[in-house]
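Single-structure report; data block below.
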There are 2 protein chains.
Amino acid sequence: MRLSTKGRYSVTAMLDLAIHDKAGPVTLADISQCQGISLSYLEQLFARLRKSGLVKGVRGPGGGYRLARPASEISIAEIICSVDENVDVTRCKGEGNCQDGGKCLTHELWTNLSNKLHEFLSGITLAQFVERPGIPELSMQRDKMIGRFVLAKKQAVAINRGVFNINKELVAKELAAKEALR
Amino acid sequence: MRLSTKGRYSVTAMLDLAIHDKAGPVTLADISQCQGISLSYLEQLFARLRKSGLVKGVRGPGGGYRLARPASEISIAEIICSVDENVDVTRCKGEGNCQDGGKCLTHELWTNLSNKLHEFLSGITLAQFVERPGIPELSMQRDKMIGRFVLAKKQAVAINRGVFNINKELVAKELAAKEALR
DNA sequence: CAATAACCAACTAAATTAGTCAGGAATTCT
DNA sequence: AGAATTCCTGACTAATTTAGTTGGTTATTG
Ligand code: FES
Ligand code: FES
C-alpha cells in the first residue's frame with residue numbers, strides 16, 4: 001500500500017464531497033477551483049473512485065458527484081487503495097518466489113506491516129473528519145469567498161428531483177446574491 | 001509522510017542489518033546480492049540513514065554498516081522518514097497560506113492524519129520483526145544458499161577490534177568451509 | 001603495497017505524477 | 001428543439017521521482 005499525493009488529493013476531494021453532501025451533488029469544477037487541483041486530473045481520479053463504487057456521478061446541469069455510501073461507511077483506506085492501483089506490497093505479488101522459489105524476509109515483513117497499516121486506515125472514516133469541530137464553519141467561509149453558493153444552487157435543483165426537503169426562502173436569497181455578483 | 005518503495009528498501013536493508021548485527025558489520029555488497037537491490041542505490045539510501053544517525057559505517061576490509069542504536073530503539077517511522085526527505089504533509093509546509101492566507105480544510109486533515117500514522121509506525125521497532133518466530137532461521141538458510149558466511153568473517157575481524165565475545169571454533173569452521181567453496 | 005569497502009558526485013533510464021487537449025454523452029433549462 | 005451544463009473518455013505532454021550507472025576518493029586492514 002502506497003501513500004502518495006495522489007491519494008491525498010482523493011481524500012481531500014472526498015472530504016469536500018462529504019461536507020457538502022447534504023446539499024446535493026458537488027461539481028468537479030467547484031472542487032478544482034476550491035482546492036487548486038486541475039479539473040482533468042480530478043476527473044481521472046474520480047473515474048477510479050467511481051469504478052470502486054465510492055462515488056456516483058450525476059450528469060447534466062445541477063449534477064456533480066455524490067458519495068455512494070454514507071460518509072461514516074467510507075474509510076480513508078478505501079479511498080487511497082482505489083486510486084493507488086499499484087498495491088503490490090511485496091515484489092513477488094503473493095507467491096513467495098522472490099529468492100530461488102522461497103519466501104524472502106521482506107515478504108513476511110511487508111505483508112505484516114501492510115496489513116497493520118491498512119487496518120489502521122480502515123478505522124478512520126470520512127465522517128470522523130467532517131464532524132471535527134470547526135470544519136463545517138471553515139468550509140462555509142471559504143465557499144463564500146470564492147462565490148460558491150452550493151447550497152442554493154443544489155437545492156434548487158433538488159426540488160426538481162424531489163430528493164430533499166429544502167428551505168425555499170434560503171434558496172431564493174442565495175440565488176439573488178449570486179446574481180448580484182455578476 | 002510518504003510510503004514508497006524507497007522506504008521499503010530501507011526498512012528491508014535495516015532488517016538485514018538488525019538480524020546480522022550480533023556478527024558485526026554487514027557490507028552493502030552482501031545486502032545488494034541478497035536482496036537484489038543495486039549496490040550504488042543502496043549507497044545512496046545509506047548515506048541518508050547515516051546522516052540521520054541510524055547506522056554507522058565501518059571502513060576497510062571486514063567493515064560494513066552497523067546499527068547506531070539497539071534494534072529495539074529504531075522504529076519503522078524513523079527509517080522511512082530519513083530516506084523520504086519529502087515529508088511535506090501539506091502543500092503549505094506549516095503556515096496555512098494555501099487559500100488566501102487562510103488554512104484550508106486539507107491542512108487540518110493531513111497534519112492530523114499524518115500525526116496518527118507517524119505515531120503508529122513509531123510504535124513498531126526493528127527488534128519486533130527480528131524476533132518474530134522463524135525469521136532468524138529463514139535468514140540463516142538464505143545466507144548459506146548464496147555463500148554468505150557472515151558470522152565467521154565478521155567475527156574474525158571482531159577479534160581484532162575487540163568488540164565481541166566470539167566462538168573461535170565456529171569461526172575457524174566457517175572460514176574453512178568458505179575456503180573449500182573456492 | 002594491494003585489497004576491501006565505505007564514501008562521494010554527476011549522469012542516465014524508466015516510471016509515476018500532474019496536467020492538457022479535444023472531444024462525446026446524458027441531463028436540464030429555456 | 002436547442003443551448004447549457006456536467007460527467008465521461010482517451011490520448012498526449014511536462015515535470016518529478018525512482019532506480020540504477022559510472023567513475024572516482026578515502027580510510028582501514030593485512
Ligand atoms: S517479496 Fe515475496 S518472496 Fe520476496
Ligand atoms: S495545506 Fe496548509 S493551508 Fe492549505
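In what follows, every chain begins at residue 1, and chains take the letters A, B, ... in the order their sequences are listed.
Contact annotation: R8(B) does not reach the phosphate of dA19(D) (side-chain N/O to OP1 or OP2, under 4.0 Å). At dT22(D), none of the side-chain N or O atoms of S40(B) fall inside 4.0 Å of OP1 or OP2 (strictly under the cut-off). Applying the 4.0 Å criterion to OP1 and OP2 of dA6(C), one finds that R50(B) has every side-chain N and O outside that range.
Contacts of L28(A) with the nucleic acid, taken as non-hydrogen atoms under 4.0 Å apart, involve only primed sugar atoms and P, OP1 or OP2.
Residue pairs meeting the salt bridge (Lys or Arg N to Asp or Glu O under 4.0 Å) criterion with at least one partner in residues 72-82 of chain B, sequence neighbours excluded, are R69(B)-E78(B). The ring pair (Phe, Tyr, Trp, His ring centres under 6.0 Å) pairs that include a residue from residues 45-67 of chain A are F46(A)-Y65(A), where partners are two or more places apart or lie in different chains.
Proximity note for I37(A) (side chain, C-beta onward) versus dA19(D), dG19(C), dT21(D): the nearest is dG19(C). For Y65(B), the listed nucleotide lying nearest its side chain is dC7(C); candidates were dC7(C), dG19(C), dA19(D).
For S122(B), the side chain to side chain donor-acceptor pair (under 3.5 Å) partners at least two apart in sequence or on another chain are H118(B). In this view, T12(B) and W110(A) satisfy the side chain to side chain donor-acceptor pair (under 3.5 Å) rule, not counting sequence neighbours. Listed by chain and residue number, S40(B), Y41(B) satisfy the side-chain contact (heavy atoms from CB on, under 4.5 Å) test with S38(B) (two or more places apart in sequence, or in another chain).
Take the nearest nucleotide of DNA chain C for E43(A) and for S38(A): the residue whose nucleotide is more 5' is S38(A).
In this structure, the OH atom of Y41(B) is 17 Å from the P atom of dA13(C), given to the nearest Å. Rounded to an integer number of Å, the gap from CG of L45(B) to P of dC8(C) is 15 Å. The nearest whole Å value for the distance from the CG atom in L42(B) to the P atom in dA6(C) is 10 Å. The nearest whole Å value for the distance from the CG atom in D84(A) to the C1' atom in dT18(D) is 15 Å. When rounded to the nearest whole Å, the span between CG of L39(B) and P of dA5(C) equals 11 Å. Atom CD in Q33(B) sits about 15 Å away from atom C1' in dA5(C), given to the nearest Å. Taking atom NZ of K6(B) as the reference point, atom P of dA14(C) lies 19 Å away to the nearest angstrom. In this structure, CZ of R48(A) is placed 12 Å from C1' of dA18(C), rounded to the nearest angstrom.
Of all heavy-atom pairs between S10(B) and I79(B), the closest is CB-CG2, 3.7 Å.
Here the side chains of F129(A) and I124(A) are in contact, with some heavy-atom distance below 4.5 Å.
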Give me, pair by pair, the N or O atoms of the protein and of nucleotides 24-26 of chain C that are less than 3.5 Å apart, along with how far apart they are.
from    : atom 1 : to     : atom 2 : distance (Å)
dA26(C) : O4'    : R59(A) : NH1    : 2.5

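No N or O donor and acceptor, one from the side chain of T27(A) and one from the base of dC7(D), sit under 3.5 Å apart. For a distance-only test at 3.5 Å, the side chain of Q44(A) fails to qualify as a donor-acceptor partner of the base of dT17(C).
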